[in-house]
Amino acid sequence: MQKLFVFALALSLAQLGSAQEGSPVANRAPLQQNAFNPLPLGAVRPLGWLQRQERIQADGLTGHLDEFWNDVGPNSGWLGGTGESWERGPYYLDGLLPLAYQLNDAALIAKAKRWVDWTLSSQQADGQFGPRKNDDWWPRMVMLKVLMQYEEVSGHKRVIPFMQKYFAYELRELPHRPLRDWGKYRWQDNVYTVLWLYNRTGQKDLLQLARLLHDQGYDWEAQFAHFQYTEKQNAEELGLGKDKPIPDKAMQTHGVNNAMALKAAPIWWLISGQSSDRAALRHQLDELYKYHGLPNGMFSGDEHFAGLDPSQGIELCAVVESMFSLEEDFAILGHASLSDRLEKITYNALPATLSPDMWSHQYDQQPNQIACTRAHRQWSTNGPDSNLFGLEPNFGCCTANLHQGWPKFVSALWMATPDGGLVTTAYAPNQVDTVINGKRIRITEETDYPFRGQVHLLIHSAGAFPIVLRIPSWAVTGDVVLNGKSQALRNENGFVTLRRTWKDGDSVLVRMNLEPRTETSYRGSAVFDRGALVFSLPLNGKWQELRKYAEKSADWQITTDRKWNYAVETGECAARVEEHPVGDLPFDVEHPAVTLQIKGKLLPQWTEQLNSAGPVPISPVASNEPVENLTLVPYGAAKLRVTAFPQLRQKAQCNMTAAR
Ligand SMILES: [Zn+2]
């Protein structure tokens, strides 16, 4: 046990000095209390591989998009210009701003501040703000989230009066200019910022506004109480047509709307206090995943509900919005399983749909993705460009919205417990530095999680406060070692709590055993997991440039000659783990940080259909082809891949892994 404790600490106390001070804010009566309170932007900063990942993002599209993409360029309506004046500027800022501050990158902070300064100066006498040529409620809901984060990190005195004035305007205006279109389906994102302000000012008319937004908004709880949309949708059934307003049915089955709606019931419960509202999310998730769940942690939406076939897609906007919703849900409800889902999406679906340098992205990703080409596919409604890696394949919403994924996850890595401590929402290398009940708490978290199962916390603060550790459901065994001594701790609903008077320099080692698992998926197919990571067979794709936009920005297709149609051996000893160093690119198909070795056989009857892997043959299957050794890599690294495999009737022999 002693030798496990020889971690060299990369950071000295002196290097940790400059974090922003900030305190979490609890809900104010009569609101229900959160299980955990989010920390202000700037309290958590990335380290290790996560810092490299955020740096890649800053050096990629996020740091440069405004330099060549007009929709967030200098003529944006959100900078006072005559250009795009709807959601794209706010979407971009919702990720650019937290990224800039987490990396403490002066150039990016200056970029973000130009938008914030224009927005703050745009407020009219009646309280309205933003581009005058567009009065839609929806893009303002996004910009309010940006301003909220800006206030947390900067303490800027103009933000709170600005929001007070706008919400007073909204309360006056909504009765005769009610929520419509996207805003009607995304009302909970507006309520989220209204409650943020209420907790800081206590003005009762904000609760009246929150109720009005709920009453004018779509009833997501009712949708899932009697869930009708259990099948793949198509444009005709949805009533979609060119130059027509989007029909309600299309809004209700829309992937991104549904991702945002994952926080609707918990946010509404804070106001209503009804136990049925508190319980609704579990049922919502159950229904969504029962009929549309995918092996990458997401549900299908390409761009409407598309069923369980792993050749269906999910849009990048839905990935980052699901992450943000689950972060809020975990804060409000405190269920450990919500963070299991959050980690699965973050560590698989998010990196998979972005190129390793974060200069291009897909609109839709497929768990079984054998070609990324401009071609007709079996999407519910999306176009032929949807799975290309590019600047704005299919449609530009994801180009603007992708930026919030990693930064908001970083912000949510730790939250405050009601009794003055901290809880680990998710594991990743970071440093938290915050003030709770007047007490400063600083903790460095060193880990290569999710590629490894060990997490080392170094406490830099003295005093009595609890540290609550979320134990993922996949960590079947493991222990917690405090200053070299293994602790006997009870796992209560996915959490263990360390209560003590801490000394500066105390150390906690969390050891989670991450065994490979096989999950049964669509038509009895097998999906290999280990911890939070899903694994795929990578297909050595060749990248070919289709169109160039800027020095590093282009549209790409990816193709392969490699055979992909394998059935695999499953069973207790089916997968052998090999670990390698986490490289400069954390999700790198050439240098994967962990691989699984499995055995499989080609399955000639599994063929391509509509330019994708055809439906997975129903398992179990038989094949007369020879057995081959296959190396699986993390799903997020493999851009062309097979993830859900038919299972061979013949099970893996345990003696093959004797060396394990
Ligand atoms: Zn999108």
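Note: hydrogens, waters and symmetry copies are ignored here, and every other heavy atom, side chains too, is used. Both counts, for ligands and for their atoms, begin at 1 and track the order of listing.
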Can you give each donor-acceptor pair under 3.5 Å made by side-chain atoms of residues 288-300, sequence neighbours left out, with the distance rounded to 0.1 Å?
| from | atom 1 | to | atom 2 | distance (Å) |
| --- | --- | --- | --- | --- |
| Tyr289 | OH | Gly297 | O | 2.8 |
| His292 | ND1 | Gly307 | N | 2.9 |
| His292 | NE2 | Tyr229 | O | 2.7 |
| Asn296 | OD1 | Met298 | N | 3.0 |
| Asn296 | ND2 | Gln365 | OE1 | 3.4 |
| Asn296 | ND2 | Tyr635 | OH | 3.0 |
| Ser300 | OG | Ala306 | N | 3.0 |
| Ser300 | OG | Gly307 | N | 3.1 |
| Ser300 | OG | Gly307 | O | 2.8 |

Once the angle between the rings of Trp220 and Phe224 is folded into 0 to 90°, is it parallel (under 30°), tilted (30 to 60°) or perpendicular (over 60°)? parallel

State whether the side chain of Asp94 and the backbone N or O of His403 hold a donor-acceptor pair below 3.5 Å, judged by distance alone. no

Can you label the angle between the Phe68 ring and the Trp359 ring as parallel, tilted or perpendicular, going by 30° and 60°? parallel

For the Zn ion (ligand 1), which protein N/O/S atoms are closer than 2.8 Å? Glu315 OE2, Cys317 SG, Cys397 SG, Cys398 SG

Who pairs with Asp59 by salt bridge (charged side-chain N to carboxylate O under 4.0 Å, His left out), at least two apart in sequence or on another chain? Arg55

State which residues pass salt bridge (charged side-chain N to carboxylate O under 4.0 Å, His left out) with Glu343; sequence neighbours excluded, sorted by chain then number. Arg470

